[in-house]
Amino acid sequence: MKPIIDILEQRIAPILAQLAPDIPNPSAIVKPSQDPRFGDYQANGIMALAKQLKTNPRELAQQVVDQLNVSDMCEPPEIAGPGFINFRLLPAWLTQKLTQAIQDPDRLGVDTLSDPKKVVVDFAGPNLAKEMHVGHIRSTIIGDVIARILEFGYNEPNNIIRQSHVGDWGLPFGMLVTYLRENTPEAASNPENIKIADLEEFYRAAKQRFDSDETFKQNAYKATVALHEHDQDTLEIWKHIVAESRIHAQAIYDKMNIKLRVEDERGESAFSKDLPDVVKSLADANILQESQGAQCVFLDGFKNKEGNPLPLIVQKSDGAYLYATTDLAAIRFRAKQLKADRIIYVTDARQKLHFQMIFACARQAQWAPENVSLEHVPFGSVLGPDNKPFKTRSGENVKLKDLLDEATQRALKVVEAKNPDLPPEQKQQIAQAVGIGAVKYADLSNNLVGDYVFDWDKMLAMEGNTAPYLQYAYARIQSIFRKGDIDTDQLLANTDVLQLDAPEELTLAKHLLRYGEIIETVVRDLRPHLLTNYLFELAQNFSSFYTNCPVLKADAESTITSRLLLCHQTAHTLAHGLNLLGIKTIKQM
RNA sequence: GCGCCUGUAGCUCAAUUGGAUAGAGCAUCGGUCUACGGAACCGAAGGUUAGAGGUUCGAAUCCUCUCAGGCGUGCCA
C-alpha cells in the first residue's frame, strides 16, 4: 500500500487541479497531525493555494471537502483553524490495511518506490595501511544504513552499489613495503607468506623508521614511486600487504554487522591508471588551467581567502595526483560505467567544500549529466567528554576494535546482572547485539549534522531512546509467544480476526501503518534518525499497549488472537527496522 | 577577512523542511507495585527557540544585522 499521506494527497489532487487550473501541480501537503485533537492526518496546502487564488481559505477548503470522497477510509473530514482539513481514519479501514500488511511479511505492506534508481553509496573508505579508528565509525555506520534502506525502498538490491573508496595507494604503503623489506626480507621475497598480526604496530614501527632515518625515508618514497609505476616486485609485496590489511578491516565490518565485501572495494589503486586521462580530458575540454605550477580547474563561485578564484587542484606542481583527481575519476566511472542515477557520498562535514567543487567540476566536464543526482551526506565529529575530538587519554585515535570490544564488555556486565542464569554463549551473543547496537544507534539517532559526544553510559542506558530499549520491547514480545506457546504460522492463518477497539490498539495500529511513509522519507532525504525516532515511538506505543491490554489473559479467544497479531506485527516491524539500521534483535536479553 | 555549519527545557536531542497551544528521553517530584519480562507504565513540573529587526493568514524554520562556538578557505585526505 502507498503511504497514507500519498493516498490522501492523490485523492485531493484532482480536486485542487480543477479548482485551480492555472496553478501548476497544486499540492494538498498532507502531514501526520501533531496533536490528536486535529485527527490523524491534516492537509496544510489549502491555505497557500487560497493565497495564490486570492480567495478565502476556509471556503476553498469547504469546496475541496464537498467534492472529496474519503468515506471508505476516514470519518467526514473537518475544516479547522484558518483552513486546515483534518482526517480521522476509520478503525475498519485501519483493520483492513493492517491485515494486508500482516499478510505481507517481506514488505510489511510497504510499496516499492515507483522510481527504482541505480545508486552508488560511497562510504567507509578507511586507509588500509592502518587499523580502523573512531574517525571511520560514522561513515561506516551511516553509509551501510543508507544502503540498506535504499535496498528495501527501491526493492532492487542489485541496483544499490556499495563503494568503499579505500586508501591503498599512497606513501603509507611505500613505507610498509620498505619496512617489510628491511625487517622480514624472507617475507618480502615470498610475499604470500606475509602475515601481519598487529597492523597498527606494524604501521607505527614503519612510521618511526620513516621519521627517524633519512635513508629509510628516501627508500619509502622510491617504493611509492615504484608502486605508482607498477613495478612488479613492489606490486607483489603491496598486493599481499593490502590483502592482510583487508582481513583486519573485514573483521571490524563483521563485528559491526556492516554489509561490505571485497567486491565493494574500489579504492585509490583502482583509479590510479585513469588519473592521467582525467587531467587530459579536462585539458581537452578547455577547463584546465596552470596556476603556480599546478594543474587546476577554476569553478564559478569558489573563492579563496584573498577573494581570488579558488582552484580545484588536480595535479600538483611536482606532477603527482591528489584525492581530487581520484574522486573525479571515481565520479566519472560511477556515472558512465556503473550508470548510477544517484551518487551518494557519506563523509565528514569538513569535506563539504571539496565535494561541492568535485560535483561542480564533474558537471562542467559533463561526466555527470544533470539527471544524475550528486549528493553529499555530511556528518559531524565524534567528541570526547571534553567536547574535543574523541581520543584516548594519551591523545591517540581510539581503535575501532577496542571500542567495539569495550561496548560488548559493558553490555555483558549488564546482561550478567539482569539475567545471570542464561548459558554463557547466549550471554555473549546478547552482549554482542546489545553493545554494538547501542553504539550504532547512538550514532544514528541524532541529526547527522552537528557533532555528538560519545558517552557509554547514555548509549547503553536501558531506558530512553536507545537500542537496548527497542531490543527489550522486541524481547518482551518474544517472551509472550514463548509463554503462550504460540505457533506463528498457525497465528498468521487467522489474520482475519484482527480487531481494533482499545485506544492503545488503535494508536499502535496507526503507527504500524506509517512504516512505509518513514521509509519513503528516509530514501528521499537520507536522514536515518527519522527511522530511529519512528522505531522508538513504536516501542513506546507497544509498551503502553502491553501494560493496558492483556494479551494472553484477554477475556475472549478472538481478542487473544487479535492482540497476538498486533504483537507479531510490532515485533516484525521492530526487527525489520532495526535490521535496516544494521542492529540485531535477540529473543531474550 | 570570506564561506559553510551549529545555537531549542537543568542535560542530550526532536519538531515530517512555512502549519494549529514547540515535543521526547535523561535528571527532579509524585503515582502504578505478587510482574503475559519493573530494562516497564501513568502523571507533574520545566521554554522570550542566542539577541534584534523584517517577510505573511501563520516563523524554531525564510531574509537582514548582531553575539557565541565549530569547521573550512591552493598543491594532506
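We name chains A, B, ... by the order of the sequence lines, and we start the count at 1 in each one. Only this structure's heavy atoms are used, side chains among them; waters, hydrogens and symmetry mates stay out. The model shown is predicted, which means the values in this text are computed figures rather than measured ones.
Annotation: side chain to side chain donor-acceptor pair (under 3.5 Å) contacts of A:Tyr203 (sequence neighbours excluded): none. Contacts of A:Gln356 classified as side-chain contact (heavy atoms from CB on, under 4.5 Å), with partners at least two apart in sequence or in another chain: A:Phe302, A:Lys352, A:Leu353. Under the rule for a side-chain contact (heavy atoms from CB on, under 4.5 Å), the partners of A:Asp457 that lie at least two apart in sequence or sit in another chain are A:Arg410, A:Asp455. Shown here are the side-chain contact (heavy atoms from CB on, under 4.5 Å) partners of A:Asp111, two or more places apart in sequence or in another chain: A:Lys2. Every side chain to side chain donor-acceptor pair (under 3.5 Å) that A:Arg138 has, sequence neighbours left out, goes to A:Asp443.
Under 4.0 Å is where a charged nitrogen must lie from a carboxylate oxygen, and between A:Asp386 and A:Lys388 no such pair does.
Spacing between atom CD of A:Gln295 and atom P of B:C75 amounts to 16 Å, rounded to whole angstrom units. The nearest whole Å value for the distance from the CG atom in A:Leu49 to the C1' atom in B:G19 is 15 Å.
The gap from the P atom of B:A77 to that of B:C65 amounts to 36 Å, rounded to the nearest Å. Separating the C1' atom of B:A22 from that of B:A59 is a span of 12 Å, rounded to the nearest Å. B:A27 and B:G18 are spaced 34 Å apart, taking the C1' atom of each and rounding to whole Å. Taking the C1' atoms as reference points, B:C5 lies 24 Å from B:A9, given to the whole Å. Taking atom C1' in both B:G53 and B:A15, one finds a spacing of 25 Å when rounded to whole Å.
The side chain of A:Arg476 lies closest to B:G38 when the candidates are B:C75, B:G38, B:C41. Side chain of A:Gln42, nearest nucleotide from B:G19, B:C41, B:G74: B:G19. Closest contact between the side chain of A:Lys483 and the listed nucleotides B:C13, B:G37, B:A15 involves B:G37. Of the candidates B:C36, B:A39, B:C75, B:C36 carries the atom nearest the A:Leu552 side chain, counting heavy atoms from C-beta on. If you check B:G37, B:G19, B:C76 against the side chain of A:Met47, the one that comes closest is B:G19. Closest to the side chain of A:Asn447, out of B:U16, B:A20, B:A15, is B:A15. Checking B:C42, B:U16, B:U73 against the side-chain heavy atoms of A:Ser544 singles out B:C42 as nearest. Here B:A15 is the nucleotide among B:C75, B:A15, B:G19 with the atom lying nearest to any side-chain atom of A:Gln34. The listed nucleotides are B:G74, B:A15, B:G37; the one nearest the side chain of A:Pro311 is B:G74. Of all nucleotides listed (B:G37, B:C41, B:C76), B:G37 comes nearest to the side chain of A:Ile480.
Each ring-ring contact (aromatic ring centres under 6.0 Å, His included) pair with one or both residues in residues 436-469 of chain A, not counting sequence neighbours, appears once here: A:Phe390-A:Phe454, A:Phe454-A:Trp456, A:Tyr469-A:Phe536.
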Distance-only donor-acceptor hits, side chain of residues 58-65 of chain A, under 3.5 Å, sequence neighbours excluded:
from: A:Arg58; atom 1: NH1; to: A:Gly81; atom 2: O; distance (Å): 2.7
from: A:Gln62; atom 1: NE2; to: A:Asp66; atom 2: OD1; distance (Å): 2.9

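Contact between the side-chain N/O atoms of A:His529 and the OP1/OP2 oxygens of B:A15 is found at a separation under 4.0 Å.
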Q: For each nucleotide in nucleotides 43-51 of chain B, reading 5' to 3', give B when a protein heavy atom comes within less than 4.0 Å of its base, S when such contact involves only the sugar-phosphate, and - otherwise.
A: ---------

Q. Reading nucleotides 2-10 of chain B 5' to 3', which nucleotides get B (base under 4.0 Å from a protein heavy atom), which S (sugar-phosphate only), which -?
A. --SS-----

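Near RNA chain B, meaning a heavy atom under 4.0 Å from it, residues 79-89 of chain A has A:Ala80, A:Pro82, A:Phe84, A:Asn86 in order of number.
Both A:Glu306 and A:Ala324 lie near RNA chain B, and the one whose nearest nucleotide falls closer to the 5' end is A:Glu306.
The ring of A:Phe271 has its center closer than 6.0 angstrom to the ring center of A:His165. If you look at A:Tyr321 and A:His228, their ring centroids are not closer than 6.0 Å.
Shown here is A:Lys510, whose NZ atom has more than 12 heavy atoms of other residues, nucleotides or ligands within 6.0 Å.
For a distance-only test at 3.5 Å, the side chain of A:Arg350 fails to qualify as a donor-acceptor partner of the base of B:U73.
Between the side chains of A:Thr507 and A:Asn541, no donor N or O sits under 3.5 Å from an acceptor N or O.
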Short N/O separations, protein against nucleotides 23-34 of chain B, under 3.5 angstrom:
none

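B:C36 has its base stacked against the ring of A:Tyr546, the centroids being under 5.5 angstrom apart at an interplanar angle below 30°.
Consecutive Watson-Crick or G-U pairs involving RNA chain B, each under 3.5 Å on both distances, make up stems of three or more pairs at B:1-7 with B:67-73, B:10-13 with B:23-26, B:28-32 with B:40-44, B:50-54 with B:62-66.
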